Amino acid sequence: MSKKNEVSFFDGKGLRNDGRRLDELRPIELEVGVLDNASGSALIRQGGNRILVGVFGPREIHPKHLALPNRATLRCRYHMAPFSVEDRKHPAPSRRETEISKVIREALEPVVFTEYYPRTTIDVYIEVLEANGGTRCSGITAASLALADAGVPMRDLVVACASGKVGGKIVLDLNDFEDKYGEADMPVAILPHLDRVLLLQMDGNLTPKEFHEALDLAIEGSKRIYEMQKKALRDSYPIPDEPQEEEVVEVEK
Amino acid sequence: MSKKNEVSFFDGKGLRNDGRRLDELRPIELEVGVLDNASGSALIRQGGNRILVGVFGPREIHPKHLALPNRATLRCRYHMAPFSVEDRKHPAPSRRETEISKVIREALEPVVFTEYYPRTTIDVYIEVLEANGGTRCSGITAASLALADAGVPMRDLVVACASGKVGGKIVLDLNDFEDKYGEADMPVAILPHLDRVLLLQMDGNLTPKEFHEALDLAIEGSKRIYEMQKKALRDSYPIPDEPQEEEVVEVEK
Amino acid sequence: MSKKNEVSFFDGKGLRNDGRRLDELRPIELEVGVLDNASGSALIRQGGNRILVGVFGPREIHPKHLALPNRATLRCRYHMAPFSVEDRKHPAPSRRETEISKVIREALEPVVFTEYYPRTTIDVYIEVLEANGGTRCSGITAASLALADAGVPMRDLVVACASGKVGGKIVLDLNDFEDKYGEADMPVAILPHLDRVLLLQMDGNLTPKEFHEALDLAIEGSKRIYEMQKKALRDSYPIPDEPQEEEVVEVEK
Amino acid sequence: MSVTPSESTISSLARKRVEELLGEGKRLDGRELTQCREFEVETDLIGTAEGSAQVKLGKTIVLVGIKAGTGEPFPDTPDQGVLTVNAELVPIASPNFETGPPREGAIELARVVDRSLRESKIVDLEKLCLVPGKAVYVIFVDIYVLNHDGNLIDASVLAALSALMKTKLPKYTAKKDGTVTRKSGHSELKIQNMPISLTTGKIGESLLFDPSLEEEEIMDSRITMTFDSEGNVRAMQKGGHGVFTTEELKTLVSTAGEKTSEIRDRLKELIK
Amino acid sequence: MSVTPSESTISSLARKRVEELLGEGKRLDGRELTQCREFEVETDLIGTAEGSAQVKLGKTIVLVGIKAGTGEPFPDTPDQGVLTVNAELVPIASPNFETGPPREGAIELARVVDRSLRESKIVDLEKLCLVPGKAVYVIFVDIYVLNHDGNLIDASVLAALSALMKTKLPKYTAKKDGTVTRKSGHSELKIQNMPISLTTGKIGESLLFDPSLEEEEIMDSRITMTFDSEGNVRAMQKGGHGVFTTEELKTLVSTAGEKTSEIRDRLKELIK
Amino acid sequence: MSVTPSESTISSLARKRVEELLGEGKRLDGRELTQCREFEVETDLIGTAEGSAQVKLGKTIVLVGIKAGTGEPFPDTPDQGVLTVNAELVPIASPNFETGPPREGAIELARVVDRSLRESKIVDLEKLCLVPGKAVYVIFVDIYVLNHDGNLIDASVLAALSALMKTKLPKYTAKKDGTVTRKSGHSELKIQNMPISLTTGKIGESLLFDPSLEEEEIMDSRITMTFDSEGNVRAMQKGGHGVFTTEELKTLVSTAGEKTSEIRDRLKELIK
C-alpha cells in the first residue's frame, strides 16, 4: 500500500474509479454446484475476481498421522492461477498464499461442525482464476457456499468483505487499484446472524475512529452478500413441495 | 526439431553425415553383467551414446505403501550424467527426464512377469553417460538386457530403435544432428517376436504414408538389434554342455 | 585458503593481527543453561564467535523408522544465522553446513553413552549467531556443555580447537582473517583426559613435521579450554554441601 | 523415478462388463467406438490473461490462460520468441489430484501439448523476436484442469489452441541494447496452423476414441496423434501399460486424421 | 495447504482451571488481564550485522539481525529501497519447532512483522535509493526466535524496531549505470516511526494482553494490533480458530492503543 | 541435520572374525594392512566431456567427467576461474544408494575431493581468468560413482586428477565488456600438482589402508590424508564414530605419505 500523490480516487461526482458509491459492492455473481467431481463447489465473480472453490469430504485422510481423534481435520488451500494476475505468478506456493490459506482456514474452523466427523478430513480448495483485489474475501464467500453444497453441516454461512480507506474516505469492497494506492485495506469475515468476526486483517493507516467506521461498513456489506449467498443456495436447491418464490431458477450445473 | 535451410543431411553419394545409408544402424556394442552390486546390468554403446543400466530386485520396497498386492512394482529412472551433453546438465531431474522415465516404464510393464513377485519392487536405473541422439531407445535396449541379466522373467526381450525423416527421406536410428535439424523423430519400442509396439512417440512432420514407412523401418531396425541382444546374452552366458557356436567368447565381467 | 602476497600476519613484535601470541587462545566466555525450553543449553563467545547450543532429549523420535534398537540416535545440526556472516547467508542449509553437521555428530558419537537410551533421540542444535573463524570448534565446545547441562551421560567433555599455519608459523585458534589468508587450518576435537582425537580436518599446506607440531598445539589449546568448560559447569551447578570455591558465582539462567 | 501406480479400484467384474459391451461395439455412455464427446469453448473469460479459453469436453473442463511478456531468448535460438507450456492438475478437478509440485502425469500432459503446438509451428517464433539475442516475446501457456472426466490431452490441446487464437500481444518498443518499454495497444497473435489431437484408448482388442474417465481407469493403453491443418502427423504419444499392433497404428493414422479434421471444423465454427 | 494442527496436550481440566481464574480476573502467572510482561532489550550484540537487538519478553527471547547491502529495486518501485523480513523458528527455541523450510507459523510471523514495519513507514524507502531502477539499498530483517514462551509477534516487532533503530548503513558510491562500490564509513538508518504491536488472546470470554505460551496453548483466538507513534492503527491480524465480537474489537482498539504507547515510552528509555 | 545411520546388518560374530584376522595382520581379501588394491585408469571415454577418466580401484568404479565453459567469477575472487566439484552416488552403484538430492555422504565426498584438488593448487585459477571480474573459465568436476566397493574418496581423487590431466579447454575470444565467443580449437589444461589421497580405516586397534566395503561396514573410523607431489599434507578428513590416538595420526602421516608417492608414480605410468 504505497500512496502516490498523483492518484485520484474519485470523479467529479464523488464516484469511485469503477463508478461505485463509497458503500457500494462490486457486482457479484454466485453459482453453486459447478464442478462434477468435487463433493461441493461454487463459483464467485465479484468485480474482476473469478474464483472457483471445490470441497472434498468428509473423507479419509492421508497421511494418517494428520487424523484428529475427536474432530475432522480442516485443510485449506488458497491458490492463484499463473494467469490470474498482471505479471504471471509462478506455480509454486508463495508466502502470501501460505498466510492466506491459514487465515481462511482459521475463519472456517469455528463454523464447521467438525466434531461430527472425527478422523476424517474436509478439504477446501480455493482457485483464484482472475484477481482484482479482495480475493481472500471473495474466496471465503464462495468457500462457504461450496461447503454448503457438499452438505457439510455449519453453524451459519460465512461471508467476507473488505472495507478500507482511499482518498481519505472509508469505502467498501476495494478493488485492486484502491487496494494498491489507497490508505488502508481491511478484510473481514463474519458469521452473519451471530455477528462474530472470524477473520480480521488490516494494513495501512486508520485512526481508531476510522477503524470503528470501517468495521461497521465491512459488516454491513457482508450482510448484503449473505443475502446473495442464501439466494444462490435456494436457486441451486429449489424445494419443490413448498410454494416456490418467483425468482427461483434452475441453476446450470 | 527446427529445420534450418542451410542444413545438408547427405553427401554426394547420398550417405548420411556419419557415412551411413538411410536404413543403416549406428555401430552398436552390447555388454552384459558389467556392474558388481546390481542384480543385473548392461552397457550399450550406440554411435555416440554410452548408457549403463543397473537393475535391482525383485526386492523389498520402501516406502511400503508403494507395494502392490498382486504384482511387483516397477520403478524406472532415466537419468543423464551432467557431462553427458554439450552444455552441462544440472543434476536435478528435468521434466524431460521425468517424461522419459514414464514412457520407458510403460514400455517395460507389459514384458515383465510382475505377477510372479507380489509386494516387491524391480528397479531399473538407466544412466546416460554420453548422449548423441536416441538415448531413450538405446536405454530400453540395454534395460532389457539388464533385466535378463538379473534373472527377471520376461515374455521376450524389449528392443527399441527410432526412425524419422531428414532431408525429405525416411531414415533409421537418427543421431543427435539429424534429430535436431531433421523433420521428424519417432522412437519405437517393440516386443520383437510378437510384433507389438510398447513405446511410440513422434514429433515433427510426417504424412500418414510416411508414418507407415517410418514405422516399418523402425521395426525392421529393432529386429536387427534384437539379434545383437540375443548374441550379447549368449556371449555372457555360454552354455557349456551344448556344442558352442564359434562366435561365443567370454565377456569381460 | 588463498595466500595473498600483500597480507601480513604479524606486527613488529611478532604478535598476531588481534594482538595474540602464536599459541594464545582468543578470549573465551562460556555460559551454561541459558535457554528455558531446551533440555540443556550453552552459549560460547570465542573472539568474534557467538554460538548458542540447545540440546533436546533423550526424547521420542519422529519419524519412528529412525529409532535404533540398541542405542539412542544422535541428531546434530550446525546452522548459521543469516546475519552471522559478512554477506547475508541464505536460510537454506548449505553443503558446508551439511558437512559440518556430519563431522560434529561423528565427534560426539563416541562420547555420549547412547546405549543407555535405546529407541530415543538426542538432538543437538548449534546456532551460529556470529561467526569469525573456527565456529565448528567453538560449536563443539559449547555442544558438550549443553549435553552436560541436559544431564546426558558422557565419557568426558569434548573440547575442540583449531591450529594452523599463517605467515610460515604454526599458530593456535585461527580467527577468520588467518583462516582465509593463512596457509593451513586444522580443526581438532578431543576427549581430553583420554587423549583421543574425535574430529580432525585440515586444509592448506603442512609438512609432516608441521603437522606434528600443529596437532600438539591444538591438543594443548583444547586442554586449556577444557579447564574453562569445567569451571563453567561448576559455576552453573554450585555444590552447596562442599566448601565452595571463591570464584563460584550464580550464573544467570 | 516413475513408479507403477496402484491399481484402480474397479473390479474385474466391471471390466468384464465393459469388455462385453465393447464386443458389441457399445460404450458405457452410449457412444460409438469412434465417436468423440461434444465439446464447448468459451474464450476471453480471464481479463488478466492475454488470451484464455475454457473447453468442456463432456464433463472434462480445462481452462487455459495465456500470459505474454518479454524476456531473453534461449542462447541456441537467439532470434526466436519463447513458448512455454505448463500444466497444473489442481485438486478441485479430481479426488485423486493432490497439491504439490507437478507429477509425471501433469508433466507428460504439458509436454505432449507443447509438442503438438510447437511441432505444428502454430506460431512463427521468429516473428516474436524483438531484438535478436537480447529481447523476445515470452508466451506462457498455462493449462489448468478444472474437472477431470477423461482425455485431458485432447481437451488441453483444444483449449490451448483456442486461447492462442484469441491472444492479443501487448506492444513494446525495443532498443538495440535489449531495453524494452511497453507502449499502448495490442496486436493479434498470428496463428499459422490448427493442431488437433485425438486420443484413442485400447481395452482388450477394442479401440475407442476420446476415452472417458471410466474407460481410462480400465484401459490398457492409449495413443495420442496430433494432426495439423493439412492432415499430417505432428506428434504422437503412446501411454499406458499395454501394447498396440502395427496394423492398429497404421489404421488409426487414417481414421484419426479424418476425425481431427471434423473437430477442427467444429472448433472454427465455435470460435470464429 | 493449511491444516488444522493437532490439539495441544493440555487437559480440559487444566483449561477449566484457567477459565475459573480468568473469571476472577486472574492469570496463571499472577498478571492482570491487561498487564504485559516486562521486557529487556540488548542491542548491537552481533558484530557481523549492521544492526541487532535481542528482546526478552518474559522468558520469550527473540534476536533480530539486520543485514544491509545493495541490489536491484523491484520493477514496480524503481526508486525505492528493498526491505525484507524473514523469520526462523529455530529448533533450540521450543521442543515443537523443527528444522526445515519455514512453515505457516513462521511465515505468518514474518509477514505480520513486515506489515507492521512497512505500513507505519518506519523507514523512508525512497531515501534508500542509490540509482533509480538500477541500485538501491537492500535491508534484510532476520527474526531469530531463541526461546518461545508465547507472543512471538510482539517480541519480534520490538526486536525488529530496536535493531533498525541501531542500524548503521554502509556507505556506497554509485555510478549512473548502477555500478556500486563500497566506500568507508557508515551512516545511521533514519527511523521515522516507532510501530508497536499488542497481541490480545481470548480464552472463553476473557481478553488478555501479551499471552504466555501456557495461555496460547488453550486460547481460542488472538488479535494483533500495531499502532504507530501517533496512536493510529497500521496493521491487524486475527489468528486462531475462535471469534471476536465487534464490541470486543472496538474496545480493544482503545485500550491496546494506550498500552502500546506505554510500551513505546519504555522502549525509548531502554535504548536511547 | 546429520543423523546416526542405522547399523550395518553385519553380525558381531562377523566383526569378531575380522578382528581376529586383523590381530594376525591379515585382511578378508588377503591384503596386508598397508596394502592398497590395484587400480586401473581409462581416460577420454566420454566424448561430450572436456575431460574424463574412469578408475577401478578393486571393484569400486568411479567415473569423472569434466565440463568446461565460461561464466562470471565470484565477487571476492574476480581474477580467478571457478572450479566446482560435485558428486552423485547414483543408485546403480549400490543397493543402498537412492535417487534424490545428494545426502551428507555425497556432499562430504565432493567436499573432501574439492579440498584435495583446491588446496594443492592443482590448477592455477588465475590462469583461467578471461576478463577480470567479468568472464572466467568455469570447470565442473562431476564425480559419478558407478560401483561401490569401498573407499570412494581415494578412487574419486584419482579419477578427478586423471580427468583433469586429460582435459582440453575450449578456446574463447573475450571482449573487455565480458562478451565471450567460442573460437576453434582447444588448449591443454595445465596441471601443476598431483594430489593423491590415502584413506585409512580403523577396526579395533588395527589401521588398514584403502578399506574395502566389507571393512567399511564394520570399521570404527577413517582418516583421509591428501598429499601433494612434494609429500606435504594438503587436506585431511576424519570420519566415522570412532577415535584416533595422536600417535596413530603422527605415524600415519609418514607411512601414508610414502604410500601416496607410490600411487602417484603408478598413476603417471598408467596415463602418461
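Since this is a predicted model, take the numbers as computed values, not measurements. Letters go in sequence order (proteins before strands), and every chain restarts at 1.
The pair B/Arg71-B/Glu109 meets the salt-bridge criterion, with a side-chain N (NZ, NE, NH1 or NH2) lying under 4.0 Å from an Asp/Glu carboxylate O. A salt bridge links D/Glu98 to D/Arg103: at least one charged side-chain nitrogen sits closer than 4.0 Å to a carboxylate oxygen.
Under the 3.5 Å distance criterion, with hydrogens and angles disregarded, a donor-acceptor pair is assigned to the side chains of D/Asp154 and D/Ser197.
When heavy atoms are compared at a cutoff of 4.5 Å, B/Tyr78 does not approach chain D at all. For B/Pro93, no part lies near chain D; criterion is any non-hydrogen pair under 4.5 Å. Looking at B/Arg196, the atoms closer than 4.5 Å to chain D (heavy atoms on both sides) sit in the backbone and in the side chain alike. Interface residue D/Ile223: only side-chain heavy atoms are found under 4.5 Å from chain B. Only the side chain of D/Asp228 comes within contact range of chain B, with heavy atoms under 4.5 Å apart. Only the side chain of B/Leu215 has a heavy atom closer than 4.5 Å to any heavy atom of chain D. Heavy-atom distances place no part of B/Ile104 under 4.5 Å from chain D, backbone and side chain included. For D/Arg234, the parts sitting under 4.5 Å from any heavy atom of chain B are the backbone and the side chain alike.
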*May I have the step-by-step check of side chain to side chain contact (heavy atoms under 4.5 Å, CB included) for B/Arg59 and B/Asp123, ending in yes or no?*
CA-CA 9 Å; B/Arg59 62 177 173 178; B/Asp123 296 334; 2.8 Å; yes
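Checked by atom type and distance alone, the side chain of B/Gln229 pairs as donor or acceptor with a backbone atom of B/Val158 at under 3.5 Å.
Considering only heavy-atom pairs separated by less than 4.5 Å from chain B, the leading option among D/Gly257, D/Gly240, D/Gly231 is D/Gly240. In terms of heavy-atom pairs under 4.5 Å with chain B, the best-connected choice from D/Val233, D/Val253, D/Leu249 is D/Val233. Among B/Cys76, B/Pro208, B/Pro187, the residue making the largest number of heavy-atom pairs under 4.5 Å with chain D is B/Cys76. Contact count against chain B (heavy-atom pairs under 4.5 Å) is highest for D/Arg111 among D/Arg115, D/Gln237, D/Glu248, D/Arg111. Considering only heavy-atom pairs separated by less than 4.5 Å from chain D, the leading option among B/Arg96, B/Met186, B/His65 is B/Arg96.
Contact annotation: the side chain of B/Met154 never approaches that of B/Leu191 to less than 4.5 Å [non-hydrogen atoms, C-beta and beyond]. You'll find the side chain of D/Leu198 reaches within 4.5 Å of the side chain of D/Cys36, heavy atoms only.
Of the options B/Arg75, B/Arg77, B/Arg105, B/Lys102, a side chain to side chain contact (heavy atoms under 4.5 Å, CB included) to D/Val3 is made by B/Arg75 and by none of the others.
Once rounded to the nearest 0.5 Å, the distance linking CG of B/Leu206 with CD of B/Glu213 reads 9.5 Å.
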